[in-house]
Amino acid sequence: MSLRSRKQSAMQRSDDKIATSTKGKRKSFDPDGGGKGEAVSPMVLVVVFVVICLLGGWREYTKVTGSSPATAVELEPDQKQQLTIPLPHRELNPNFKSLLTLEEDQALEIHEKDHTRYHIVFSTDCSPYQHWQSYLVFFSAMKLRQPGHVTRIASGCEDDDAALMNDWFHEHIQGMSTRFHLHLTPRFSGVKDENGKIMGDYKFFNKPFGLKHWMEHAEHMSMSQIDDIVILIDPDMLLLRPLTGDFSDDREVVFGPKRLDHILGRKVEHGLPFAQTYGFGAQWQGLDLERIAGKDTPAKQYDQSEGRIYFPAGPPYMAMVPDMYQIAQKWSEFVPRVHEQYPHLLAEMFAFCIAAAHLELKHQIVDSLMVSATDANGEGWPLIDQVPNDEMCDYARHPDHVRYPLPSVVHACQRYSVGEEWFFGKRRFPTDFFECDTSLLMEPPDDLATAFDFKHPPNAPEPTNLTPKLANREAFMVCFLTSSVNEAATYYKQNACAAGGNLQKSVKMVELFKEYKKKHGM
């Protein structure tokens, strides 16, 4: 059952739980409880209160000491706190079956080879549009045995939605792994004028402010975890293989030709963050950096060449905890000023670049962290291009890093199409896809990459010719994304639906797109 369709029943259950809990507390601590609870000594209560205050104060002190990363950096590595791993919430869904045993799950707390704890985080709002994407992130992380923790940072949920989100997460996500988390934050997306009055909305403010809030307040994050690595991705990114901070294997790493003479390192280290190449170059340098970062900002020291080599950064972003926290602080500080000058989609990305440059944190920029736009340079397509056309769709359904090297993630932010009937686009993807009665998507034919030499996606006025290379890339995306949503929905339905749900692969994405247009008069 979907989040939306369960709202009323879930909220009623939540009210019942609160009422029951309240009644229980009154019963246990009522001095006139008729002998059903022993009287508690006032001295005992005083001692307990003092202990709780001391422990709580110490916890908050160690978690957000002075909000300064310098405090965390001064701690010795052997002082790194061990996380408290909660037990699976399977009492909420006793029939839930993870793809991991509890022992396998616990073993993934620390990466077995580099002995590093990773934290993958992604920022969303509370809309159904990002809800199904979030499920795919968690599912792919479980399936691929991603080491470390994975957290959805959801910003701006109203009280009822927050309660429902928590309930749904514990019932349908937490059972996948004890290392998966939901972190709720206030809404940060309001665009304010000089007097603090909200004048508009820019949803991407949630990313830097949500990241900072998570690092300061999350139960499983402490500033003393200085050797942990934070990986910030987008909610429309699906893992192709586990994400780590090691880029030492040339078989699976692609650097842009102009960066081969400027390699800063092959592993994420203190003072050396990594990020994916994005195609905006050094455009951020055209903004008024003094107004954004101050008259003496170090961001001004870099010329255009350095700006293009070290700072055209986008997700996945990777950095050690102290470096990521410094970036989160400056990113949050700078992004409203960047948006004031540049009120467009990429404002938050430009603000990230300026924050990194201001902190003199040159990034090792990598092409192979993602594939996204099939005609783009600076992505991991040279790896996918090694797969023969006649194997492409089968390989996309069953990616095998040993057979052919893979990029790290698929960034599903474009529309993908082969021929007229085979298409995938996230913006018209049905938000009720995980409903028990909803059909799965029809799978493309195995020869998709060789069967067509054109694409004609919905809304496109004319077909576009495809070279064999582009047909291969488009086929990879269509076959991979179709298979991924089907596999995740099947897993969901087998755990959540009484009769296993509708597992018929009987509808094409292009048909759903046409239905959407008709329904909305487009």
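Side chains are part of it too, since the values below use all heavy atoms of this structure and drop only hydrogens, waters and symmetry mates. We number each residue from 1, following the sequence as shown.
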Only one of Gln386, Arg251, Glu391 passes side-chain hydrogen bond (donor to acceptor under 3.5 Å, both in side chains) with Tyr404, and that residue is Glu391
Discussion item. With side chain to side chain contact (heavy atoms under 4.5 Å, CB included) as the criterion, how do Tyr325 and Val230 come out once you've worked through the C-alpha distance, each side chain's angles and the decisive distance to 0.1 Å?
Written reply: CA-CA 9 Å; Tyr325 185 58; Val230 177; over 6 Å; no
The residue among Tyr342, Trp284, Phe311 that forms ring-ring contact (aromatic ring centres under 6.0 Å, His included) with Phe350 is Tyr342
Checklist line | side chain to side chain contact (heavy atoms under 4.5 Å, CB included) evaluation trace for Met477 with Gln414 | finding: CA-CA 10 Å; Met477 298 299 271; Gln414 308 291 329; over 6 Å; no
query = Yes or no on salt bridge (Lys or Arg N to Asp or Glu O under 4.0 Å) for Arg473 and Glu379, after CA distance, side-chain angles and deciding distance?
reply = CA-CA 12 Å; Arg473 295 178 178 185; Glu379 298 187 4; over 6 Å; no
Output, in order, the C-alpha distance, side-chain angles, deciding distance and verdict of side chain to side chain contact (heavy atoms under 4.5 Å, CB included) for Met176 and Leu100. CA-CA 7 Å; Met176 292 184 187; Leu100 302 170; over 6 Å; no
- [ ] Indicate yes or no for a side-chain donor-acceptor contact from His344 to the backbone of Leu346 under 3.5 Å, with no hydrogens or angles considered.
- [x] no
Query raised in the report: Is the number of heavy atoms from other residues, nucleotides or ligands under 6.0 Å of Lys267 NZ greater than 12?
Result: no
Exactly one candidate in Tyr317, Phe247, Tyr310 meets ring-ring contact (aromatic ring centres under 6.0 Å, His included) with Phe274; the answer is Phe247
All heavy atoms of Tyr416 vs all of Glu474, minimum pair found to be CA-OE1, 3.3 Å
For the side chain of Tyr278 and the backbone of Pro315, is there at least one donor-acceptor N/O pair under 3.5 Å apart?
yes
* Within the side chain of Gln133, is there an N or O that forms a donor-acceptor pair under 3.5 Å with the backbone of Tyr129? -> yes
Item to complete: Indicate yes or no for a side-chain donor-acceptor contact from Ser332 to the backbone of Pro208 under 3.5 Å, with no hydrogens or angles considered.
Response: yes
*Look only at the side chain of Arg428 and the backbone of Leu512, and say whether a donor-acceptor pair between them is shorter than 3.5 Å.*
no
Test Asp385 against Asn472 for side chain to side chain contact (heavy atoms under 4.5 Å, CB included), laying out the working first. CA-CA 7 Å; Asp385 292 342; Asn472 218 27; 5.6 Å; no
*Judged by atom type as modelled, is there a donor-acceptor pair below 3.5 Å linking the side chain of Gln174 to the main-chain atoms of Phe180?*
yes
Expected output: side-chain Ser483 to main-chain Cys479 donor-acceptor under 3.5 Å:
no
For Asp400, does the CG atom have more than 12 heavy-atom neighbours from other residues, nucleotides or ligands under 6.0 Å away?
yes
So salt bridge (charged side-chain N to carboxylate O under 4.0 Å, His left out) across residues 476-502, not counting sequence neighbours, yields Lys143-Glu487
Examine distances only and state if a side-chain atom of Ser140 and a backbone atom of Val137 form a donor-acceptor pair shorter than 3.5 Å. yes
On the 0 to 90° scale, with breaks at 30° and 60°, tag the Phe429-Trp132 ring pair as parallel, tilted or perpendicular.
tilted
Quiz item: Gln225 side chain to Ser222 main-chain N or O, any donor-acceptor pair under 3.5 Å?
Solution: yes
Tested for ring-ring contact (aromatic ring centres under 6.0 Å, His included) against Phe434, the lone hit among Trp168, Tyr135, Phe139 is Tyr135
* Within a reach of under 6.0 Å around CZ of Arg427, are more than 12 heavy atoms found that belong to other residues, nucleotides or ligands? -> no
task: For atom CD of Gln504, decide whether the heavy atoms of other residues, nucleotides or ligands shown that lie under 6.0 angstrom number more than 12.
output: no
Contacts of Glu511 meeting salt bridge (Lys or Arg N to Asp or Glu O under 4.0 Å) (sequence neighbours excluded), chain-then-number -> none
- Message: Main chain of His170, side chain of His172: is a donor-acceptor contact present, judged purely on distance under 3.5 Å?
- Response: no
Subject >> Whether over 12 other heavy atoms sit under 6.0 Å from Asp246 CG >> reply: yes
